[in-house]
J.: 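Below are the structure tokens for one structure; questions will follow.
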Amino acid sequence: MSAEAVRPHVLILGGTTEARRLAEALTDAPGTPGTPPAPPAPPGAARVTTSLAGRVAAPVLPPGETRIGGFGGPAGLAAWVRAHRVTHLVDATHPFAERMSFNAAGAAALTGVPLLALRRPGWAPEPGDDWTFTDSLAGAAALLPGLGGRVFLTTGRMGLHTFAHLTDTWFLVRSVDLPAAPAPPRLEVLLARGPFTLDDERELLARHRIDVVVTKDSGGSATAPKLTAAREAGIPVLVVRRPPVPEDVAEAGSVTAALHWLGGAYASPPPGHG
Ligand code: NAP
């Protein structure tokens with residue numbers, strides 16, 4: 001058996017800070033400026049491919065190999081995994097990328113390749129927070145008129161149509177790329193890529209006279225300062241709960257924990273790859 005036949009090939013389903021940091025650690029690449037250094041990888045060089053959905057026009061590509069675009073459902077992902085001799089699958093997509101996480105679970109079941117879901121912990125309210133929880137963007141849209149009229153909507157540009165009927169509400173939306181219609185009529189778009197500092201967020205809330213913030217429970221530190229700024233200013237926050245995760249998938253809450261899992265998994269190759 002050749003060395004190449006047993007070399008691990010990790011496919012990271014990406015689109016998050018954690019996915020990038022995992023790719024940096026596994027390829028021994030220097031970290032992204034302004035972020036903590038990547039933790040040490042398990043011994044032994046792995047081939048690392050990160051897959052991106054292709055939603056962002058000019059993504060910041062992680063180190064290692066990259067591929068962009070959908071696979072065509074669980075069967076398409078399973079075919080890709082087999083064709084490229086992927087030995088380990090890490091679903092490091094955003095906690096709200098629900099479909100892709102189910103596709104990953106389906107592909108793992110079809111191929112027998114071990115799957116880890118890397119999911120940063122969600123946020124929890126602290127004393128002084130005024131949070132209202134809801135299960136969906138539609139739920140947030142239904143609650144909004146009772147909470148405020150100048151909204152900082154931080155749920156991403158993809159679900160804006162859900163708020164399009166709120167014609168009396170003014171929205172500030174911050175996103176990497178311009179949102180597409182349909183969108184609420186009273187809308188200002190701020191093109192920016194995180195992370196954002198507490199000072200940025202304080203200034204933004206004050207300058208736009210924001211009286212309610214809407215967020216997904218994304219977790220992580222890159223976008224958390226908006227929550228602190230809202231707490232300080234006594235502004236209510238509408239929090240969209242995370243969607244359900246596929247059952248029976250191993251989970252890691254940090255890049256370090258994912259590296260630990262990979263270290264153990266390298267030692268026991270899945271069927272057909274040993
Ligand atoms: P989604 O609804 O779960 O996925 C929709 C379809 O997009 C999937 O069925 C898959 O197409 C394709 N896809 C998603 N992630 C992919 C990946 N990493 N590589 C290749 N194909 C992918 O996903 P979404 O919520 O639109 O999110 C898209 C991407 O943006 C994800 O990579 C996610 O990490 C990132 N992101 C999402 C959010 C959010 O709030 N949802 C926030 C920040 C970043 P096929 O079925 O054809 O394979």
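The basis for the numbers below is simple: all heavy atoms, side chains too, and nothing from hydrogens, waters or symmetry mates. Every number for a ligand or one of its atoms is a count from 1 in the order of the listing. Just so you know, residue 1 is the first one in the sequence shown, and it goes up from there.
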J.: Closer than 4.0 angstrom, basic N to acidic O: yes or no for D135 and R241?
T.: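 Counted as a salt bridge, because a side-chain N and a carboxylate O are separated by less than 4.0 Å.
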
J.: In terms of residue, atom name and distance, what is the protein heavy atom nearest to atom 48 (O) of ligand 1?
T.: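 Of the protein heavy atoms, F71 N, 2.6 Å lies nearest.
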
J.: Please check this pair: side chain of T155 against backbone of T215, looking for a donor-acceptor N/O pair closer than 3.5 Å.
T.: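 Checked: no pair found.
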
J.: Is it the side chain, the backbone, both or neither of T155 that has a heavy atom closer than 4.0 Å to ligand 1?
T.: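 Neither part.
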
J.: Out of all atoms in ligand 1, which are within 4.0 Å of some heavy atom of S51? Include the element for each.
T.: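 Ligand 1 atoms under the 4.0 Å threshold to S51: 17 (C), 18 (N), 19 (N), 20 (C).
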
J.: Is it true that atom NE2 of H165 has more than 12 heavy atoms of other residues, nucleotides or ligands lying nearer than 6.0 Å?
T.: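 Above 12, so yes.
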
J.: Run the numbers for me: atoms of ligand 1, each under 4.0 Å from some heavy atom of G69, listed by number.
T.: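 Checking each atom against G69, I get 20 (C), 21 (N).
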
J.: Tell me which one of G54, A97, G14 gets a heavy atom nearest to atom 32 (O) of ligand 1.
T.: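 That would be G14.
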
J.: Going by heavy atoms, is A19 under 4.0 Å from ligand 1?
T.: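 It does not; every heavy atom stays at 4.0 Å or beyond.
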
J.: Ignoring hydrogens, just give me the one of A53, A104, G73, G70 whose non-hydrogen atom is nearest atom 46 (O) of ligand 1.
T.: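 Nearest heavy atom to atom 46 (O) of ligand 1 lies in G73.
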
J.: E98 heavy atoms, cut-off 4.0 Å: which ligand 1 atoms fall inside?
T.: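 In order of numbering, the contacting atoms are 3 (O).
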
J.: Judged on heavy-atom distance to atom 47 (O) of ligand 1, which of G194, G72, A92 sits nearest?
T.: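 Minimum heavy-atom distance to atom 47 (O) of ligand 1 goes to G72.
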
J.: Can you tell me if H9 uses its side chain to pair, donor with acceptor, with the backbone of H84 under 3.5 Å?
T.: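 Side chain of H9 to backbone of H84, a donor-acceptor pair under 3.5 Å: yes, one is there.
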
J.: Check whether H208 reaches the backbone of L204 with its side chain - one donor and one acceptor, N or O, closer than 3.5 Å.
T.: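 No.
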
J.: Distance to 0.1 Å, residue and atom name: give those for the protein heavy atom nearest to atom 30 (O) of ligand 1.
T.: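 Its nearest protein heavy-atom neighbour is R55 CG, 4.4 Å.
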
J.: Any side-chain heavy atom of L137 sitting closer than 4.5 Å to one from F163?
T.: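 In contact.
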
J.: Under the 3.5 angstrom rule, does the side chain of D217 hit a backbone N or O of R242 as a donor-acceptor pair?
T.: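 Such a contact is absent between D217 side chain and R242 backbone.
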
J.: Within the structure, does R99 bring an N/O atom to less than 3.5 angstrom of an N/O atom in ligand 1?
T.: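 So ligand 1 has an N or O lying under 3.5 Å from an N or O of R99.
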
J.: Check the angle between the aromatic planes of F96 and H94 and answer parallel, tilted or perpendicular using the 30° and 60° thresholds.
T.: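 Tilted: the ring planes of F96 and H94 meet at 30° to 60°.
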
J.: Near D28 CG, under 6.0 Å, is it more than 12 heavy atoms from other residues, nucleotides or ligands?
T.: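 No.
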
J.: Is R157 close to V189 at the side-chain level, that is, under 4.5 Å between some pair of heavy atoms?
T.: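 Sidechains of R157 and V189: no contact.
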
J.: Hey, is the main chain of G128 close enough, under 3.5 Å, to the side chain of R231 for a donor-acceptor pair?
T.: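 Answer holds: no.
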
J.: To check your reading of the model: name the closest protein heavy atom to atom 12 (C) of ligand 1, its residue, and the distance in Å.
T.: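 Checked against all protein heavy atoms, atom 12 (C) of ligand 1 sits closest to M100 SD, 4.1 Å.
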
J.: Could you name the option among E18, R157, H94 that has the heavy atom nearest to atom 42 (C) of ligand 1?
T.: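 Shortest heavy-atom distance from atom 42 (C) of ligand 1: H94.
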
J.: Can L52 be said to touch ligand 1, with heavy atoms closer than 4.0 Å?
T.: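 The answer is yes, since L52 has a heavy atom less than 4.0 Å from ligand 1.
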
J.: Report, in ascending order of atom number, the atoms of ligand 1 lying under 4.0 Å from any heavy atom of K216.
T.: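 The list of qualifying atoms is 39 (C), 40 (O), 41 (N).
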
J.: Which residue and non-hydrogen atom of the protein lie closest to atom 9 (O) of ligand 1, and at what distance in Å?
T.: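 Result: N103 ND2, 3.2 Å.
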
J.: List ligand 1 atoms under 4.0 Å from G15, heavy atoms only on the residue side.
T.: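 That gives atoms 34 (O), 35 (C), 44 (C) of ligand 1.
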
